[in-house]
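Inspection log for the structure reproduced underneath, given as structure tokens.
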Amino acid sequence: MKETNFLYVTTALATCLAMMVGGYFLARTAQPSADVLAAMEEATPSINVGDFEPGEVRVLRLGNLPIIVWRRDEADMALANRQNDASSWKVKYSSVLGRAEPLYAEDANLTLNGEWFFAVAHAPGSPGWVPLLRAGNFDGFFDVKYAGHYDLAGRIRYQGRDNLTVVLAELSEDGQTIQLDLRQ
């Protein structure tokens, strides 16, 4: 092999090696960092189905937000069906956390399988005030600041100005966990 050919081959190999190493580090910087991954996990927490008995309602602190988690029992679902008459609703649409477009306030749109209801536990227009659970004239929620009465789907029925902000959720394939979408 001639000396000039050896230099060309060595230079070409060194250039290819440098490009491969540079490509590796470039691809590595495109991966999300640990803080971004942690923020994503915080924005999509999951809850275990077995942690809630039918009929149980609680406020959990998830992703720096108080979230109402209500697993309805048969009596709650029957009452929710009776309250699902659009002519008696004060506001026809409910806000969804992290989405610009509201949802029609039908029970099927606001719940997961009619059994699970998730909402931000701040009464609209009164941040910092958490509504009372299983209270008010409609057995849903009661806003003590404005005397607002909500039904089981978080729809304002008396006093108050707006429906509760709903949190969308998805049941896992195995049916054991529910993934909440808390992205704002």
Side-chain angles (χ1 to χ4, degrees), residues 31-32 34-86 88-124 127 130-136 138-143 148-157 160 162-184:
Q31 300 298 320
D35 62 329
V36 172
L37 291 173
M40 285 174 49
E41 279 185 24
E42 186 175 294
T44 56
S46 61
I47 62 168
N48 291 325
V49 170
D51 291 345
F52 289 83
E53 294 295 322
E56 186 175 1
V57 60
R58 284 192 262 165
V59 176
L60 302 177
R61 191 131 200 65
L62 302 171
N64 293 328
L65 285 173
I67 302 295
I68 297 170
V69 179
W70 191 333
R71 183 176 185 184
R72 297 173 174 174
D73 58 15
E74 294 297 323
D76 293 334
M77 287 188 270
L79 179 59
N81 283 335
R82 289 192 301 275
Q83 294 175 348
N84 206 29
D85 176 23
S88 63
W89 305 339
K90 187 175 177 183
V91 178
K92 305 286 187 216
Y93 291 89
S94 292
S95 301
V96 178
L97 185 66
R99 303 226 175 149
E101 69 280 350
L103 281 176
Y104 184 65
E106 186 175 45
D107 196 68
N109 293 338
L110 306 178
T111 62
L112 178 63
N113 300 335
E115 180 180 10
W116 293 89
F117 176 73
F118 304 97
V120 178
H122 288 302
V130 176
L132 298 176
L133 308 174
R134 288 188 167 270
F138 299 92
D139 295 324
F141 312 99
F142 180 70
D143 177 12
H149 297 261
Y150 298 86
D151 65 13
L152 270 69
R155 297 177 292 244
I156 188 67
R157 291 306 208 57
D162 209 356
N163 296 340
L164 294 177
T165 301
V166 177
V167 175
L168 295 181
E170 191 174 289
L171 191 62
S172 65
E173 289 183 24
D174 63 2
Q176 299 301 313
T177 59
I178 297 173
Q179 193 82 28
L180 301 175
D181 185 0
L182 301 181
R183 292 176 286 198
Q184 296 182 22

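Because only heavy atoms are used, hydrogens play no part in the values below, and waters and symmetry mates are left out as well, while side chains stay in. Along the sequence shown, residues carry numbers from 1.
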For residues 60-84, the ring-ring contact (aromatic ring centres under 6.0 Å, His included) pairs (sequence neighbours left out) are Trp70-Phe141
What residues form a side-chain contact (heavy atoms from CB on, under 4.5 Å) with [X], not counting sequence neighbours?
{"X": "Ala80", "answer": "Arg72, Asp107, Leu152"}
{"X": "Arg61", "answer": "Pro66"}
{"X": "Pro54", "answer": "Arg71, Asp73"}

Residues at least two apart in sequence or cross-chain that pass salt bridge (charged side-chain N to carboxylate O under 4.0 Å, His left out) with Asp139, listed by chain then number, are none
If you compare all heavy atoms of [X] against all heavy atoms of [Y], which two are closest, and at what distance to 0.1 Å?
{"X": "Val120", "Y": "Ile68", "value": "O-CD1, 4.4 Å"}
{"X": "Leu110", "Y": "Ala153", "value": "CD1-O, 3.5 Å"}
{"X": "Val59", "Y": "Ala121", "value": "CG1-CB, 4.0 Å"}

Sorted by chain and number, sequence neighbours left out, ring-ring contact (aromatic ring centres under 6.0 Å, His included) with Tyr93 holds for Tyr104
Residue set satisfying ring-ring contact (aromatic ring centres under 6.0 Å, His included) with Phe142, at least two apart, ordered chain then number -> His149
Distance in Å, [X] [atom1] paired with [Y] [atom2], rounded so as to fall on 0.5 Å steps:
{"X": "Tyr150", "Y": "Leu133", "atom1": "OH", "atom2": "CG", "answer": "12.5 Å"}
{"X": "Thr111", "Y": "Asn113", "atom1": "OG1", "atom2": "CG", "answer": "7.5 Å"}
{"X": "Phe118", "Y": "Leu182", "atom1": "CZ", "atom2": "CG", "answer": "10.0 Å"}
{"X": "Ile156", "Y": "Leu164", "atom1": "CD1", "atom2": "CG", "answer": "7.5 Å"}

Looking at residues at least two apart in the chain, or sitting in another chain, which of them share a side chain to side chain donor-acceptor pair (under 3.5 Å) with [X]?
{"X": "Ser88", "value": "Arg157"}
{"X": "Asp85", "value": "Ser87"}
{"X": "Glu56", "value": "Arg58"}

With a 4.5 Å heavy-atom cut-off, do Leu171 and Trp116 have their side chains touching? no
Is any side-chain heavy atom of Asn84 closer than 4.5 Å to a side-chain heavy atom of Glu106?
-> yes
Self-check item: Test item: Ser172 side-chain N/O and Thr177 main-chain N/O as donor-acceptor pair under 3.5 Å
Solution: yes
With a cut-off of 3.5 Å and sequence neighbours excluded, list every side-chain donor-acceptor pair involving residues 94-102.
unit_1	atom_1	unit_2	atom_2	d
Ser94	OG	Asn163	ND2	3.1

Given the options Leu65, Leu112, Leu180, Val69, Val167 meets side-chain contact (heavy atoms from CB on, under 4.5 Å) only with Leu180
Tell me whether Arg134 is salt-bridged to Asp76, with the criterion being a basic N under 4.0 Å from an acidic carboxylate O.
yes
